[in-house]
Amino acid sequence: MRLSQSFTRTTHGVPADEQSRNAKLLIKAGYIHKEMAGVYVLLPLGLRVIEKIKQIVREEMNAIDGQELQMSSLQRKELWQKTDRWDDKEVDIWFKSKLRNGSEVGLAWSHEEPIVDMLKNFISSYRDLPVYVYQFQTKLRNEIRAKSGILRTREFIMKDMYSLSRTADEHEAFYQRAIEAYHKVFKRIGIDDKTFFTFASGGAFTQFSHEFQTLLASGEDTVYLDEIKKRAINAEVMSDEVASSLSLDKAKLEKVTVAEVGNIFNFGTTKAEQLGLQFSDKAGQKQPVFLGSYGIGITRLMGVVAELFADDKGLVWPEAVAPYQVHLIALSGSQAKKSAEALYDQLTTAGVEVIYDDRGDSAGKMFADADLLGAPIRLVVSEKSLAAGGYEIKHRKQETAKIVPVDSIVDILRR
RNA sequence: CGGGGAGUAGCGCAGUCUGGUAGCGCACCGCGUUUGGGACGCGGGGGUCGCAGGUUCAAAUCCUGUCUCCCCGACCA
């Protein structure tokens, strides 16, 4: 990608009303644009980060037999009435609208009801189960107050997975696989060492639901953490009894601020019973399906990562989610320009993701922008580097640069 | 929804008290000089002053209404 052709640009200032660190960084660097309170546009760079995160999640969900699909955003009122979640008194974040014929439709804030109902068309026998489906979807929620940049918005992308199992045991086995898959996702993204399995309020069916909470000063949740055991208890359910029931020593728990990046829970058979999702067992008897739900906040993850990996100069993306791996700068000088052009073609052809700063701005401006955009590796081509025998390479996380020979650059970057 | 703050160029702001040609910085355009850490000179373009109504010879400024945004709280993937 040539910066000279990019329609986005970096800025010094950000809107005064934007307070959160993640949104300030992402807006300054041109990753997102604020459309209105709690609603952000994903600009090309931001979209690439989102796609990187989605791909990691997709691979791990596929690895535990998830089947990807995409539900609709317009939803039927009748479905939500069956589970008593249509009324604004029950769910206060609904956006609703009407069809031309006057009938009401809901704008998707969740997809549990529709996905369960849809699956009724395909699930009829124990032979059809278990099934694991998931999607990446835009959720629309009429939040009372959006805040914390892209951490709490009215429109956001979420991965939601649903497990349909025949028995409680079968459900539990998958639940454990999902927990492992979640840790793999967070590990690949680079935040697993700061992300903790957390016990939170359950429902009618189970005592607890489980959250994946990432240590973050600007997070919105509070948990009590045992960093050795890597377990936490959400403040909303914290008590002596809960701590001891989980074999955690209350005295050793540390109260910390976190951001919720994942949430999984067990519906038991209640949702299936309400919506009539049943299967015939071996004896021909109708049985309700055991349902589990597994969410990951995709856009929120981008905000968490942006905030966690940044310094006073800008973003410092982990390789796995960086929009581009290399930031190539051509400094002034006809030979440097020529070499940089050739290098850009060479790397792009080799499949290396490159941001190429071919704008010819002042060196300081280009260096500052490279730091702000946060690609893991910076390459500089200048008369000076060429005279020294090649290109200058510097990692975003490091202070020092070194010269690599022209011949070996592609091999070094491909790894 | 309670408390607080703010709407003037893409962004950041001054001007409002005391009505009288709508300004500054960044960004943008042109020319030239620059180019290893956010360069400089000269010249330029860009505004229904959130919206509606009222007072007045005259409203960004005064009055009334209204909309929106932000922060704190409660709530929440």
Side-chain angles (χ1 to χ4, degrees), chain A residues 7-20 23-24 27-30 33-39 91-94 108-112 137-161 198 200-201 209-214 219-222 234-236 258-265 293-301 303-304 312-314 329-334 336-337 357 359-373 378-388 391-392 394 399 401 403:
Chain A
F7 75 87
T8 61
R9 70 166 70 88
T10 58
T11 55
H12 280 280
V14 290
D17 54 16
E18 192 65 77
Q19 299 290 319
S20 80
K24 279 183 178 171
I27 290 172
K28 275 178 79 168
H33 167 76
K34 186 176 190 173
E35 182 67 23
M36 63 175 94
V39 181
V91 174
D92 63 1
I93 51 168
W94 269 116
W109 65 274
S110 168
H111 291 80
E112 285 151 5
Q137 255 291 0
T138 298
K139 309 289 183 187
L140 301 166
R141 297 188 181 183
N142 202 347
E143 294 283 351
I144 294 166
R145 187 156 87 84
K147 59 176 176 177
S148 308
I150 62 170
L151 299 188
R152 173 160 303 281
T153 54
R154 298 196 165 93
E155 180 174 340
F156 60 97
I157 300 169
M158 184 168 154
K159 184 282 302 181
D160 45 325
M161 177 181 243
T198 302
S201 58
S209 68
H210 300 101
E211 298 169 341
F212 293 81
Q213 297 277 12
T214 306
E220 303 181 277
D221 287 4
T222 303
N234 194 307
E236 58 191 28
V258 292
E260 182 184 340
V261 292
N263 172 314
I264 64 177
F265 51 96
S293 174
Y294 313 80
I296 291 182
I298 302 294
T299 34
R300 177 179 284 180
L301 263 179
V304 168
D312 57 340
K313 290 175 177 166
I329 293 176
L331 289 187
S332 64
S334 58
K337 284 242 158 51
D357 195 341
R359 296 174 298 179
D361 270 313
S362 71
K365 160 88 172 157
M366 293 195 285
F367 286 138
D369 279 353
D371 288 339
L372 179 56
L373 292 182
R378 189 187 79 187
L379 282 183
V380 176
V381 181
S382 65
E383 303 296 327
K384 198 169 119 188
S385 77
L386 293 172
Y391 311 122
E392 179 193 285
K394 183 182 108 47
E399 286 301 316
I403 298 291

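Quick note on labels: first sequence line is chain A, next is B, and so on, each numbered from 1.
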Among [options], which is the nearest nucleotide to the side chain of [X]?
X         : options                : answer
Ser332(A) : G37(B), U35(B), A77(B) : U35(B)
Arg141(A) : G38(B), A77(B), C69(B) : A77(B)
Asp369(A) : A77(B), G37(B), G38(B) : G38(B)
Glu220(A) : G38(B), A77(B), C76(B) : C76(B)
Thr153(A) : G37(B), G38(B), A77(B) : A77(B)
Glu143(A) : C69(B), G38(B), A77(B) : A77(B)

What integer distance in Å separates [X]:[atom1] from [N]:[atom2]?
X         : N      : atom1 : atom2 : value
Met366(A) : G38(B) : CE    : P     : 12 Å
Arg145(A) : C70(B) : CZ    : C1'   : 9 Å
Ile144(A) : A74(B) : CD1   : P     : 12 Å
Asn234(A) : C75(B) : CG    : C1'   : 14 Å
Arg152(A) : C71(B) : CZ    : P     : 13 Å
Lys147(A) : C76(B) : NZ    : P     : 11 Å
Gln19(A)  : C69(B) : CD    : C1'   : 12 Å
Arg359(A) : U34(B) : CZ    : C1'   : 17 Å

Between [N] and [M], how many Å separate the two [atom1] atoms, rounded to a whole number?
N      : M      : atom1 : answer
G53(B) : C40(B) : P     : 46 Å
C31(B) : A14(B) : C1'   : 31 Å
G12(B) : C69(B) : C1'   : 16 Å
G45(B) : A59(B) : P     : 26 Å
A22(B) : G47(B) : C1'   : 8 Å
U35(B) : A39(B) : P     : 12 Å
A60(B) : A6(B)  : C1'   : 15 Å
G7(B)  : U61(B) : P     : 13 Å

Handout entry: Any donor-acceptor N/O pair under 3.5 Å between G38(B) base and Asp361(A) side chain
Key =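 Such a pair does not exist between side chain and base.
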Distance-minimising heavy-atom pair for [X] and [Y]:
X         : Y         : value
Ile403(A) : Ala388(A) : CG2-O, 3.8 Å
Lys337(A) : Ser332(A) : NZ-CA, 4.2 Å
Lys159(A) : Tyr294(A) : NZ-O, 3.1 Å
Ile296(A) : Leu301(A) : CG2-CD1, 3.7 Å
Ala146(A) : Ala37(A)  : CB-C, 4.2 Å

Would you indicate what [X] reaches in the nucleic acid, counting non-hydrogen atoms under 4.0 angstrom: base, sugar-phosphate, or nothing?
X         : result
Arg9(A)   : sugar-phosphate
Asp371(A) : base
Lys34(A)  : sugar-phosphate
Ile298(A) : nothing
Arg378(A) : base
Thr10(A)  : base
Glu211(A) : nothing
Val14(A)  : sugar-phosphate

Problem - The single option from Ile298(A), Ile157(A), Thr299(A) passing side-chain contact (heavy atoms from CB on, under 4.5 Å) against Thr138(A) - result: Ile157(A)
Exercise for the section: By nearest nucleotide on RNA chain B, pick out whichever of Glu18(A) and Glu383(A) is the more 5' one. Expected result: Glu383(A)
Problem - 5′-ward residue of the pair Gly38(A)/Met158(A) relative to RNA chain B - result: Gly38(A)
Exercise for the section: Kindly say whether Ser201(A) contributes a backbone atom to a donor-acceptor pair with the side chain of Ser209(A) at under 3.5 angstrom? Expected result: yes
In the structure I gave you, are the side-chain heavy atoms of [X] and [Y] within less than 4.5 Å of one another anywhere?
X         : Y         : value
Asn142(A) : Arg154(A) : yes
Arg359(A) : Asp369(A) : yes
Arg152(A) : Arg145(A) : no

Watson-Crick or G-U wobble partner for [N], using a 3.5 Å limit on both distances?
N      : answer
C49(B) : none
C40(B) : G32(B)
A6(B)  : U68(B)
C57(B) : G20(B)
C75(B) : none

Atom pairs, protein N/O to nucleotides 39-46 of chain B N/O, distance under 3.5 Å:
unit_1: A39(B); atom_1: OP1; unit_2: Ser362(A); atom_2: OG; d: 3.3
unit_1: A39(B); atom_1: OP2; unit_2: Ser362(A); atom_2: OG; d: 2.7

